[in-house]
Asks: 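My structure is below; once you've seen it, I'll send some questions.
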Amino acid sequence: MKAFASSADLAAKEQTLEVLADGVYALTAEGDPNVGAIEGEDFLVCFEALATPVAAREWLARLREHTDKPVRYLVLSHYHAVRVLGASAFDADVIVAHEHTRALIAERGRQDWESEYGRMPRLFKEPASIPGLTWPTATFSDRFTIELGGGRGELVLRYCGRGHTEGDIVAWLPEHRILFAGDLVESRAALYTGDAYHREWSTGTLDRVADLDANTLVGGRGEIARGATGVAAAIAQTRHFLRVMLQEVGDVHARGGTLKEAFQAAHAALVDRYGGWPIFEHCLPFDVSRLWDELSGIERPRIWTAQRDREIWDELQD
Ligand SMILES: [Zn+2]
C-alpha cells in the first residue's frame, strides 16, 4: 500500500533563487511551492508566504542577499495552508488576497491547516512557529494595483475566475510581462484540484490567464516557464491535465460507474505523461473525489479534514 499523500516524502528539495528582471525574484524548489518578490522604489511586495514562519525566514534570508527593503505588501494567491501560514515572518504592512480567500480562511482555514499538515509534513518546518491562521487585511474582487514607484511601473493583482480554488489571484508585471500565476498554472508539476472548479478553470479562467500574454511565468510549483512558447506549454499542460480528468471521470460518472472506477480511469489516462511529476500520486485521489462531486452537482468543494483525507485515500489509493 502506498504511503499516505506526501507523508513519506521527507528528502529536502534544492531551492533556487532566480532574478527574472531588475528587482523581480522567484524561488523555485523542485516541485515544492514557489514564492516570489518584487521591488518597489523603497519597499517590497512578496508573493506567497510558505507553510511556516521558519520556512519563510529561510526564503527571506536568501532575498536579503539582494535587497534590504521592508515588506509593505504580502500577496496571498489563495487560502491553502502551505501558501499562507508563514505570513507572520514577513512583518508586512498589508496582507492582500481575494475576498473569497478571506471568506475561505474563515470558513475552513483550520481544517485545511490540519489536512495539509497531514498530507505534507515536510513543508511545515517547525510547525509550532505558526502563530495561528493568517488573515488578509486588504481584499478585492477584480483588480488591485500597486504602484511600485521609481520608474518600476505597476504590479497588477487580477482575479481570473474560479480555478484551483474559489479565490485564486495572479500577480502581473506588465512592464516585464512577468506573471506569478500561483496554483492556476503548474509547469512540469502535477495539479492539485481537490478544491477546484474544473470546468471553469479549464476554460474561461485559463483563457484569461493566457490573454495576459506573459513572456515569463512562475507557476505554483515546478520550473519557471520562459518565452511565449514556454508559457504556452505550461498553460497547455495545466489545461490538458484538467481536460483528461473531465473526460475520464465524466465518462464513468455518466454511465453510472463508481468513484473508484473513475479514479482508475483517470490514473490510467494521466500516469504515462504526469506520473513522474511531483505530487501526482499524492493529489489524484483528492482531485478525482472533488471532480466527482462537481459532476454530481455539488457546487462548492466539501471541506477536507484530516479524517476525510484518510477515508478517500484508503478507498482509492490502494
Ligand atoms: Zn493550492
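Ligands are counted one by one from 1 in listed order, and the atoms in each one are counted from 1 as well. Please read these numbers as outputs of a predicted model, since none were measured by experiment.
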Asks: What residues, two or more places apart in sequence or in another chain, satisfy ring pair (Phe, Tyr, Trp, His ring centres under 6.0 Å) together with His198?
Replies: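 Listed in chain order: nothing, the list is empty.
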Asks: Among side-chain atoms of Glu39 and Tyr25, is any donor-acceptor pair under 3.5 angstrom?
Replies: yes
Asks: Would you kindly check if the NZ (Lys) or CZ (Arg) of Arg308 is within the cone defined by 45 degrees around the ring axis of Trp304 and under 6.0 Å from the six-membered ring centre?
Replies: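 The answer is yes; both the distance and angle limits are met.
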Asks: Report the distance from atom CD of Glu99 to atom CZ of Phe144, rounding to the nearest 0.5 Å.
Replies: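 Glu99 atom CD to Phe144 atom CZ measures 13.0 Å (nearest 0.5 Å).
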Asks: Which residues and atoms, counting only protein N, O or S, are under 2.8 Å from the Zn ion (ligand 1)?
Replies: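 Only His78 NE2, His80 ND1, His164 NE2, Asp183 OD2 fall inside 2.8 Å of the Zn ion (ligand 1).
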Asks: Using the ring centroid of each side chain, check whether Trp277 and Phe280 are separated by less than 6.0 Å.
Replies: no
Asks: I'd like to know if Asp183 pairs up with Arg83 as an ion pair, taking the criterion as any Lys NZ or Arg NE/NH1/NH2 lying under 4.0 Å from an Asp or Glu carboxylate oxygen.
Replies: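 A salt bridge is present here (some side-chain N lies under 4.0 Å from a carboxylate O).
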